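Below you'll find the structure, written out as structure tokens, and then a few comments.
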Amino acid sequence: MADIAEECAVTDSKPISTIVIIIAMRSEALPLVNTFKLLEDTDSLFPVGVPWVRYHGMYKDLKINIIWPGKDRTLGVDSVGTISASLVTYASVLALKPDLIINTGTAGGFKAKGADIGDVYIVSEVAFHDRRIPIPIFDQYGIGFRKSFATPNLVTNLNLKVDKLSTGDSLEMSPVEKESIENNDAAIKDMEGAAIAYVADILSVPIIFIKAVTDIVDGGKPTAEEFLNNLAAVTATLQQKVTQVVEFINGRCLEDL
Ligand code: ADE
């Protein structure tokens, strides 16, 4: 670790110490919880009664926190989507003061933009595709375009695809949303990324996204079916890639990613 820290591009900067990894689905989170041998919080940082779950522990020189928004208290399904993701990110950043946020999980991919099942992307830019406000400047606020923290060394080292992500609160895509996603020039779509980016931005925490493709949105198969069929295999791929990313981050400064 000392060797890498000495190579920090900015002399007075320190190696990354605390990371928060936001993951919307339990099945996406658990393989990583096992890899890093994390433990579920017994004394929650979060308000009494919320379903949010933190798994935490040391992995090499990193304090790792995997945060899962938990199950909907009434329906018992994973609390996917922008609202839960924003709330849990806000509470996690306030409580843990991370050096870096990672949002990882599955995404739909567009074959027209070169996406294939199992591809893993580092996201360069995020935007929303379901917030339409046709009034000058509010239109841009709705789209909510944001850049991720740039990680050129990580991308080269791990040979990852890099492209844009578009976020909306639906697994499906209406024709109007399709047009918005095309305007956002996105290769992948998810249900949390741009919302988490918003919270990271207002709290001034660097954020990166690692997303793996479970379904091809413009491929003609029903999205929900394709997503469920590929979820387990793609989650295993994602586990390997996120582990490699964490290994790469360990001992490095932000500027050197
Ligand atoms: N996550 C996985 N596939 C998705 C899709 N098609 N849309 C939104 N989020 C997803």
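Counting convention: from 1, in listed order, for ligands and their atoms alike. Being a predicted model, the structure only gives us computed values, none of them experimental.
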Only counting residues at least two apart or in another chain, list the ones meeting side-chain contact (heavy atoms from CB on, under 4.5 Å) with Ile202.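 Scan of Ile202 (side-chain contact (heavy atoms from CB on, under 4.5 Å), adjacent residues dropped) gives Tyr198.
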
Please identify each residue that fulfils side-chain contact (heavy atoms from CB on, under 4.5 Å) with Asp78, with sequence neighbours left out. Met25, Arg26, Trp68, Lys71, Val80

Asp116 side-chain N/O to Asp119 backbone N/O, donor-acceptor pair under 3.5 Å: no

So the atoms of ligand 1 within less than 4.0 Å of a heavy atom of Thr214 turn out to be 2 (C), 3 (N)

Considering the heavy atoms of Thr223, write down every atom of ligand 1 situated less than 4.0 Å from one of them. 6 (N)

Return the closest protein heavy atom for [atom] as residue, atom name and distance.
atom	answer
atom 6 (N) of ligand 1	Asp215 OD2, 2.7 Å
atom 4 (C) of ligand 1	Gly108 N, 3.2 Å
atom 7 (N) of ligand 1	Lys189 NZ, 2.9 Å

Taking 4.0 angstrom as the limit, do Lys221 and Glu225 come out as a salt bridge?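 Glu225 and Lys221: not salt-bridged.
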
Quick one about Thr106 and Glu28 (side-chain donor to acceptor, distance below 3.5 Å, no hydrogens or angles considered), yes or no?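 The criterion, which ignores hydrogens and geometry beyond distance, is satisfied for Thr106 and Glu28.
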
If we only count N/O pairs under 3.5 Å, is Phe227 in contact with ligand 1? no

